[in-house]
Asker: 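Here it is: the structure, laid out below.
So that the names make sense, note that chain A is the first sequence line, chain B the second, and so on, each numbered from 1.
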Amino acid sequence: MTATEPDAVRAIEAEAVSSRFARGWHCLGLAEKYRDGKPHTVNAFGQKLVVFTGADGETNVLDGYCRHMGGDLSQGTVKGNEIACPFHDWRWGGDGRCKKIPYSRRVPLRARTAAWPTMVQDGLLFVWNDPEGNKPPDEVTIPVIEGATRDDWTDWRWTETTVHTNAREVIDNVVDMAHFFYIHKSFPTYFKNVFEGHVATQIMRGRSRDDAREQRDGGGGGGPRMLGNSSVASYHGPSFMIDELTYHYEGYDLRSVLINCHYPIDQDSFSLHSGIIVQHSDALPPEAAEATARKLSDFILTGFEQDIEIWRNKTRIDNPLLCEEDGPVYQLRRWYRQFFVDVADVAPEMTDRFEFEIDTTRPVESWQREVEENLARREAQGASA
Amino acid sequence: MTVRQDDRLLDGPLLPVRCRRCDAEVLVRKASWEQTSIQWNAAARAACTGLSGDPHATCPALRSAIQEAALTGAIAVME
């Protein structure tokens, strides 16, 4: 169709969602969770997986169903370094091979199931998904998060929630400056994206929003005044975003690292995780940092709920109609596509560097006016009450 | 998942701008004086020496070249 007639009705277009799941490292959450000596059921990549940690301390991810008679391994038992099927006690190793059948003299040929490469880094468990079945290349890494293992930072505060839509919706947020104002009650004043290789970055600075202060400060009111924030958030691959987020208060900065990551459950749902660590400082001793991490974690979870409410009701749209103050949705999706094609088919346009800086002049004017109107309305209501 | 074209490029296409420091040629679009889109290719990226520090910053030399292209009208500023 042509979009040339100015008065033609714009149709919303959406192709069927691909049945393929992204190639890349996906975080399954805190590694500790999977070290309790029990098998865990993880529904991911359209399948049921079993995650278990053997006596050797290695955490393994296998297809959830036993190749013998289809028993659910995630209902089984960890025995030594193997997962034992609850149905007939067949023992499967982390490499995907059947190691032993207690009631049989030998293991049959071809007794091998699907095993996913895993990685534990910064206290997080990652699994590598690749529809082509290749091992993770050395250059496709998740950067080490310095604060995650340092004593002068808090431990992770981690949340998980299931979202019933396709994961592309959460990716789109990378370029969606305006939704931060309308959905999350923040106030972006600077916004830029850079896509290059398998990394997509959002650089955002914002100011504190006086008409949303209670929400942000948890109703305390008495604390130091928050001036604004600076954020550099990068997706490293299709699902794991590291956000170096600094809150600027009167007199000091609060440094935090926010993780926003997900893994697909199936084409129409995903598991959405958030993690946060906060740095201690003179202004923020350990206990206060813990309290802040808890508060920020709640705040992020509220943010997810705000997104989820939109996603629950919106429609999938392949051809968004954009104004000049919107970010580069199409170029982001072009970048995202590299994870859904074979490695041989990754085109330069998907990975070539692309930079996009939004002119925030008009958004800032408009939002400032809206904030002032909200404050004036509240004051009038307060006066009449 | 067909990759579609940003409709905004119909109103104003990306145009070539060459950096005078390294001779890299990139494609640029400016919807306003403050808005800039920069599409790199592998050759330009390999040639550029101004991106060694902050990987998210725009190369300062390229920024100047784009500014100049906008001022001379070599690329249109849409507003």
Asker: At what distance, to the nearest 0.5 angstrom, does CD of A:Glu325 lie from OG of B:Ser32?
Answerer: 7.5 Å
Asker: Who among A:Asn319, A:Asn193, A:Ile358, A:Asp318 has the most heavy-atom pairs with chain B under 4.5 Å?
Answerer: A:Asp318
Asker: Heavy-atom cut-off 4.5 Å, strictly under: side chain, backbone, both or neither for B:Leu51 against chain A?
Answerer: side chain
Asker: I need the minimum non-hydrogen distance between A:Asp352 and B:Asn41, along with the two atoms involved.
Answerer: OD2-CA, 3.6 Å
Asker: Between atom CZ of A:Phe356 and atom OG1 of B:Thr36, what is the distance when rounded to the nearest 0.5 Å?
Answerer: 9.0 Å
Asker: Calculate, to the nearest 0.5 Å, the distance between atoms OG1 and NE2 belonging to A:Thr201 and B:His56 respectively.
Answerer: 3.5 Å
Asker: Does the pair A:Arg10 and B:Asp7 meet the rule for a side-chain contact (heavy atoms from CB on, under 4.5 Å), with working shown?
Answerer: CA-CA 12 Å; A:Arg10 172 99 174 180; B:Asp7 276 355; 2.5 Å; yes
Asker: Could you state the interatomic distance from SG (B:Cys59) to CZ (A:Arg353), rounded to the nearest 0.5 Å?
Answerer: 9.0 Å
Asker: Could you check whether B:Arg29 pairs with A:Glu324 (Lys NZ or Arg NE/NH1/NH2 to Asp/Glu carboxylate O, under 4.0 Å)?
Answerer: yes
Asker: Please state whether the side chain, the backbone, both or neither of A:Val232 comes within less than 4.5 Å of a heavy atom of chain B.
Answerer: side chain
Asker: Are there over 12 heavy-atom neighbours, none belonging to B:Arg45, within less than 6.0 Å of that residue's CZ?
Answerer: yes
Asker: Is it the side chain or the backbone of B:Ala43 that comes within 4.5 Å of chain A heavy atoms, both, or neither?
Answerer: neither
Asker: Only pairs of heavy atoms separated by less than 4.5 Å count here; which of A:Gly327, A:Ser234, A:Pro348 has the most with chain B?
Answerer: A:Gly327
Asker: Are the side chains of B:Glu34 and A:Arg362 in contact, using a 4.5 Å heavy-atom criterion?
Answerer: no
Asker: For residues B:Thr58 and A:Lys192, report the shortest heavy-atom separation together with the two atoms involved.
Answerer: OG1-NZ, 2.8 Å
Asker: Taking everything shown except A:Glu146 itself, do over 12 heavy atoms lie less than 6.0 Å from its CD?
Answerer: no
